[in-house]
Amino acid sequence: MENQQSSEFLGKEKISKLMVKFCIPCVLSLLVSALYNIVDQIFVGNSELSTLGNAATGVVFPIFIIAQGFAWYFGDGSAAYINIRQGKGDTEKIHKCVGTGMTFTLIVSVILLAVFYPLKTQILTLFGASENSIGYAVEYFNIILGFFPIYMLSNMINAVVRADGSPSWSMLSMLAGAIVNIILDPIFIFACKWGMAGAAWATVIGQAVSFVISIAYLFRTKTFRLKLKSLIPDFRVYGEAFKLGLSSLITQMTIVVISLVCNIMLAKYGSMSKYGADIPIAVIGIESKVFTVVINIVVGIVLGCQPIIGYNMGAKNFDRVKKLYRAILLSTVIVGLAATILFEAAPDAVVGMFGKPTNIPNPEDYWDFSRKTFRIFLALVTLTCLIKMSSIFFQAVGKPVFAVLTSLIRDIICFVPLICVLPIFLGVNGILISAPIADLLAMIVTAVLTAVFFLGIKKAKRQAKESEKIEEE
C-alpha cells in the first residue's frame, strides 16, 4: 500500500509539473551519455590524431550501440514493467523483475566480451576501418571492451532508477562520469601523450564512476527492495518486461545495422569519388555523434514521461495519456526544428568542433562532404525525432508490436534498401539522399499507427464509462 501511495501523484499532479520533474533530469542524463563518445571525438579530432582518429572512434561507435542496446533492452523493459505495475497497484514482484534484468545484462556483457575480443580486427574492418585507421581503432577498442560489464549494468540500472521515481539520481550518475571523462581526456591525450589509449582510459574511468553511483541507489529504492535471491532469473515475472523492452533493443540494433551498411557503402562509393574512403566515414562518424545528441534529447523527454505514461495507462486515466502525448509531440517538434535550422545554417560550425583535417591530402573535400551530409542526410531530422518518440511512447503504453514496427520501419524497411540501391545511380550522394526519403515514408506509417492507437483509447474509454454505468445501476 505504501508503494502504491508513493506513486499516486503520477495520476494526480499537473502534467507540466511532472514533465519538468521527470524529463529534465532524464534529458540531461542521456545528453551526458552521448557526451562520453563526443568528448573523446572532439579531443581526438583536435589532437595530432585528427581525421584518422575520428574515423577510428567512428567505427567503434556502433559496437558501443550494441552494448547500450542490450542494456536498454533489459533496463527499459524493467522500467516499463515497474510503472505499469505501479498504476495497477501491484508492486510485489518488481524486485524479481529488476534482479532478473541485472543478471541478464551481466551475462550478455560477458558474451559480448568473449565474441568481440578475438574478432576485433575483423569486426572493426567490417564497420569501415581502413588500413590507415585500423591501428587507432584497435588501440581504442581493446580498452573500451574490457569495461563492457560495468558500462552495460550502469545503463540498465539507470533506467530502473528513473522508473523508481528518482530521475535526479540517474542524472547525477551520468553527469559525474562525464565530468571525470572531460577532465581526464586532455590530461591523458595531450599531457600524457597516450593518444587513442588516453581517450579510452578517460572514458572507462568515467563509466566506472557512473557505475558506482548507480549501484549505490539500489540500497535506497522506493518501489522495491532488491535481495540476493532477486538476482536469480525468474522467467515468469520477466516475460512481460522482455516484450516491453524489445523496441529499445531493436531501435539500437537498427542503428548498428544502418551504421554497418552505411560504412560499407561509404567505403565503396566514397573510394570511387573525389572524397576517398576515409573522409566520408570520418564525417558520418561525426554526424552519428551529433545526431545522437538530438535524438537523446527527444528520447529523454519521452523516457522521462514513461513513468507517468505507464502509471496512467495502468490506472486507465486515458485523458491524461492523451494530454501527455500532445505535450511530448510538441516538445519533439521544437527540438527537431531547432536541430534542422542549426544543421542547414551552420554545418561548418558543428563539424569544426571536432577539429580540422590535418592528416589528409584534400581538406577542402572534407568540408564539402560535411556540408552535404548535414544539409541533405539530416534534412528531415524532425521526422526522425517523431518516429523515435512514437516508438518509445508505444513501448510505455504497453504496445510492443506497434513499438517494434515503428522502430523497424524507418531504418530497416526503408533506409537500408534505399542506401543499397540509390548509390548505384547517384554514387556517394545517393547515400545522403536515402535518409530523408526513408524519414518521409516511415512517418506516414507512424502516423497511421498513432491514429489506430488513439482510436483504441477512445473505444476503451467508452467501454469503461459503460461499465461504470452498469455497476451504478
Side-chain angles (χ1 to χ4, degrees), residues 25-40 60-61 63-80 82 95 97-113 116 141 143-185 199-221 224 226 230-231 241 245 248-249 251-252 292 296 299-300 303-304 306:
C26 190
V27 168
L28 290 175
S29 296
L30 293 180
L31 282 178
V32 168
S33 177
L35 276 177
Y36 275 116
N37 291 307
I38 287 177
V39 167
D40 279 353
V60 173
F61 183 63
I63 301 167
F64 257 116
I65 297 299
I66 292 173
Q68 194 177 63
F70 281 104
W72 286 7
Y73 174 38
F74 299 121
D76 289 349
S78 299
I82 290 170
H95 74 97
C97 177
V98 174
T100 301
M102 289 178 63
T103 300
F104 284 150
T105 303
L106 184 60
I107 291 171
V108 170
S109 70
V110 173
I111 292 172
L112 291 179
L113 242 170
F116 286 153
F141 187 52
I143 298 165
I144 294 293
L145 186 59
F147 285 78
F148 263 23
I150 67 168
Y151 173 68
M152 291 176 64
L153 275 171
S154 179
N155 274 272
M156 183 271 165
I157 294 168
N158 271 334
V160 171
V161 172
R162 289 192 297 270
D164 195 45
S166 299
S168 296
W169 190 282
S170 174
M171 178 185 69
L172 172 66
S173 166
M174 300 304 298
L175 187 60
I179 290 171
V180 169
N181 187 16
I182 291 168
I183 292 171
L184 294 180
D185 255 326
W201 278 112
T203 297
V204 298
I205 292 172
Q207 290 171 357
V209 171
S210 294
F211 172 73
V212 170
I213 296 173
S214 299
I215 286 290
Y217 180 83
L218 298 179
F219 296 95
R220 60 185 307 277
T221 52
F224 63 93
L226 203 63
S230 305
L231 300 173
S248 291
L249 177 63
T251 296
Q252 296 302 100
T292 300
N296 276 12
V299 169
L303 274 184
Q306 188 180 59

Nearest heavy-atom contact between A202 and L184 is CB-CB, 3.7 Å
Legend entry - Beyond-backbone contact of V98 with L226, side-chain heavy atoms, under 4.5 angstrom: yes
Shortest non-hydrogen pair, G101 vs S78, comes out as CA-OG, 4.4 Å
- request: On the 0 to 90° scale, with breaks at 30° and 60°, tag the F64-F148 ring pair as parallel, tilted or perpendicular.
  value: tilted
**Message:** Does I63 form a side chain to side chain contact (heavy atoms under 4.5 Å, CB included) with F141? I'd like the steps, not just the answer.
**Reply:** CA-CA 9 Å; I63 301 167; F141 187 52; 3.5 Å; yes
Here the gap from L113 atom CG to L145 atom CG, rounded to the nearest 0.5 Å, amounts to 4.5 Å
Across all chains, not counting sequence neighbours, the side-chain contact (heavy atoms from CB on, under 4.5 Å) partners of V204 are I143, I144, F147, W201, Q207
Contacts of S230 meeting side chain to side chain donor-acceptor pair (under 3.5 Å) (sequence neighbours excluded), chain-then-number -> H95
Between the CG atom in N181 and the OG1 atom in T203, the distance rounded to the nearest 0.5 Å is 4.0 Å
Does S166 use its side chain to pair, donor to acceptor, with the backbone of W169 at less than 3.5 Å? no
inquiry  = Could you tell me if the side chain of V180 sits less than 4.5 Å from the side chain of I183, heavy atoms only?
reply    = no
So L106 and P149, do their side chains get closer than 4.5 Å, heavy atoms only?
yes
Practice task
Take L218 and I215, measure what side chain to side chain contact (heavy atoms under 4.5 Å, CB included) needs, and give me the verdict at the end.
Solution key: CA-CA 6 Å; L218 298 179; I215 286 290; 4.2 Å; yes
Across all chains, not counting sequence neighbours, the ring-ring contact (aromatic ring centres under 6.0 Å, His included) partners of F104 are F74, F235, Y238, F242
dist T292:OG1 -> Q68:CD (nearest 0.5 Å) comes out at 8.5 Å
Across all chains, not counting sequence neighbours, the side-chain contact (heavy atoms from CB on, under 4.5 Å) partners of A199 are D40, V44, Y140, D185, I189
Closest heavy-atom pair, A159 versus D76, reported as atoms and distance to 0.1 Å, is CB-OD1, 3.6 Å
Any donor-acceptor pair under 3.5 Å from S170 side chain to R162 backbone: no
For S210 and G177 the tightest heavy-atom approach is OG-CA, 3.4 Å
Side chain to side chain donor-acceptor pair (under 3.5 Å) filter on N155, not counting sequence neighbours, yields W72
Check: Would you call L28 and M174 a side-chain contact if the rule is heavy atoms closer than 4.5 Å?
Finding: no
Closest non-hydrogen atoms of I213 and A176, given as atom of the first, atom of the second and distance, are CD1-CB, 3.5 Å
Item checked: S214 side chain to N158 backbone, donor-acceptor under 3.5 Å -> no
Across all chains, not counting sequence neighbours, the side chain to side chain donor-acceptor pair (under 3.5 Å) partners of S109 are none
Side chains of I157 and Y217: does their closest heavy-atom pair fall under 4.5 Å? no
